[in-house]
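Atoms considered below: every heavy atom in the structure, side chains included; atoms not considered: hydrogens, waters and symmetry mates.
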Amino acid sequence: MEILANEKKIPKATAKRLPLYLRYLKMLDDSSVVRIKSREFSEIVQIPPATIRRDFSHLGELGRSGYGYDVPYLIEVFSNILNTQEEKRIALIGCGNLGRALIRNNFRRNENLNIVCAFDSDEQIVGEQVNDICVQPMDQLRKMIEENGVTVAISTVPSKYAQKAIDEIVDAGITAILNFAPDRVTVPNHVNVQYIDLTTELQTLIYFDTAFSK
């Protein structure tokens, strides 16, 4: 099967859904599911089958009519597309328990993702050393981002403070943000925000455990 993703640009809307597809495909693979049709996949990811087929068509001939899609092959294709080959330097905002855990782990399985600076508004946390990173006050955000060549930010700030934190991240020039607060925030059109909702992730896990463990 020919993969066309490297030869033509994937639409932005499709690109935003690829990580979602990959996450569910890996869960299917863990559940020993080797083949799935777009209608079945639609029920899992809650995206219309026509949209799934259209998204997949941008990447080449990934499936066959009447057969569906080979799950391990889709995982290989999407993993190759999403795997960054250049270092992405990351700023972390919010150094509570979750933030500290992310710094300590610091994407050990992917050497191209690297948290290089961290920030918090709590004076009791500012100045704390986590691994080799010293937590900075928020007023140093723009300066540190410029000095460290940061292009991505992770926010672990609680929902009630998330909008303010995201505003400061955007003002500092960051356009790619991973937000651990599930409530939607307002950003300019050129800024991309990906949300991590732990409650939704847990519900998804329970769904797969119920549907595919029997």
Side-chain angles (χ1 to χ4, degrees), residues 15-16 18-24 26-27 30 75 78-188 190-205:
K16 290 179 69 175
L18 294 185
L20 176 70
Y21 292 149
L22 181 58
R23 184 163 75 248
Y24 283 105
K26 287 181 175 179
M27 295 184 76
D30 289 341
I75 291 173
F78 292 166
S79 295
N80 287 337
I81 293 171
L82 294 170
N83 182 36
T84 177
Q85 298 301 317
E86 60 184 45
E87 182 188 19
K88 295 297 180 183
R89 298 170 70 80
I90 303 166
L92 185 134
I93 291 80
C95 295
N97 292 333
L98 176 57
R100 290 189 186 95
L102 291 173
I103 295 172
R104 293 188 181 105
N105 179 272
N106 206 357
F107 304 100
R108 294 172 186 167
R109 295 184 179 181
N110 191 326
E111 61 184 14
N112 295 321
L113 301 176
N114 188 20
I115 297 174
V116 297
C117 51
F119 305 86
D120 205 285
S121 59
D122 188 337
E123 294 181 358
Q124 294 184 345
I125 295 177
V126 170
E128 181 179 330
Q129 196 82 11
V130 184
N131 282 9
D132 58 348
I133 294 177
C134 180
V135 180
Q136 302 291 322
M138 289 296 291
D139 61 13
Q140 293 296 304
L141 183 61
R142 178 182 290 274
K143 175 176 178 290
M144 294 292 290
I145 281 175
E146 292 175 353
E147 288 181 357
N148 288 279
V150 171
T151 59
V152 180
I154 299 174
S155 174
T156 64
V157 175
S159 290
K160 63 180 178 179
Y161 304 118
Q163 184 66 62
K164 184 176 185 299
I166 297 299
D167 288 343
E168 293 185 63
I169 293 169
V170 172
D171 287 345
I174 296 296
T175 57
I177 304 168
L178 181 65
N179 186 15
F180 274 85
D183 294 341
R184 274 11 187 196
V185 294
T186 302
V187 296
H190 69 283
V191 175
N192 295 299
V193 180
Q194 186 75 29
Y195 297 89
I196 300 293
D197 185 345
L198 295 180
T199 299
T200 299
E201 296 298 327
L202 181 58
Q203 290 172 333
T204 301
L205 174 64

A.B. asks: Which is it for V152 and L178 under the side chain to side chain contact (heavy atoms under 4.5 Å, CB included) test, yes or no, and what are the steps along the way?
C.D. replies: CA-CA 8 Å; V152 180; L178 181 65; 5.8 Å; no

A.B. asks: Strictly distance-based, threshold 3.5 Å: is any side-chain N or O of R89 a donor or acceptor partner for the main-chain N or O of N148?
C.D. replies: yes

A.B. asks: Any side-chain heavy atom of V191 sitting closer than 4.5 Å to one from I169?
C.D. replies: no

A.B. asks: Within the side chain of N131, is there an N or O that forms a donor-acceptor pair under 3.5 Å with the backbone of I133?
C.D. replies: no

A.B. asks: Would you be so kind as to tabulate the donor-acceptor pairs closer than 3.5 Å made by side chains of residues 157-165, with sequence neighbours excluded?
C.D. replies:
| residue | atom | partner | partner atom | Å |
| --- | --- | --- | --- | --- |
| Q163 | OE1 | T186 | N | 2.8 |
| Q163 | NE2 | D167 | OD1 | 2.8 |
| Q163 | NE2 | T186 | O | 3.0 |
| K164 | NZ | E168 | OE2 | 2.9 |

A.B. asks: Considering non-hydrogen atoms only, spot the tightest contact between M138 and S121 and give its length.
C.D. replies: CG-N, 4.0 Å

A.B. asks: Tell me whether the count of non-hydrogen atoms from other residues, nucleotides or ligands lying under 6.0 Å of CG in N97 goes above 12.
C.D. replies: no

A.B. asks: Look only at the side chain of N105 and the backbone of A101, and say whether a donor-acceptor pair between them is shorter than 3.5 Å.
C.D. replies: no

A.B. asks: To check you understand the geometry: which heavy-atom pair defines the closest contact between A172 and I145, and what is its length?
C.D. replies: CB-CD1, 3.7 Å

A.B. asks: What residues, two or more places apart in sequence or in another chain, satisfy side chain to side chain donor-acceptor pair (under 3.5 Å) together with N192?
C.D. replies: K12

A.B. asks: Partners of Q140 by side chain to side chain donor-acceptor pair (under 3.5 Å), sequence neighbours excluded?
C.D. replies: none

A.B. asks: Checking the side chain of N114 only, and the main-chain atoms of V116 only, is there a donor and an acceptor separated by less than 3.5 Å?
C.D. replies: no

A.B. asks: May I ask you to decide if G94's main-chain N or O and T156's side chain share a donor-acceptor pair within less than 3.5 Å?
C.D. replies: yes

A.B. asks: Above 12 or not: heavy atoms from other molecules or residues under 6.0 Å from CD of Q129?
C.D. replies: yes

A.B. asks: Considering non-hydrogen atoms only, spot the tightest contact between F119 and V135 and give its length.
C.D. replies: C-CG1, 4.0 Å

A.B. asks: Identify the residue among T151, I115, N106 that makes a side-chain contact (heavy atoms from CB on, under 4.5 Å) with I90.
C.D. replies: I115

A.B. asks: What's the separation between atom CD1 in I75 and atom CG in L22, rounded to the nearest 0.5 Å?
C.D. replies: 7.0 Å

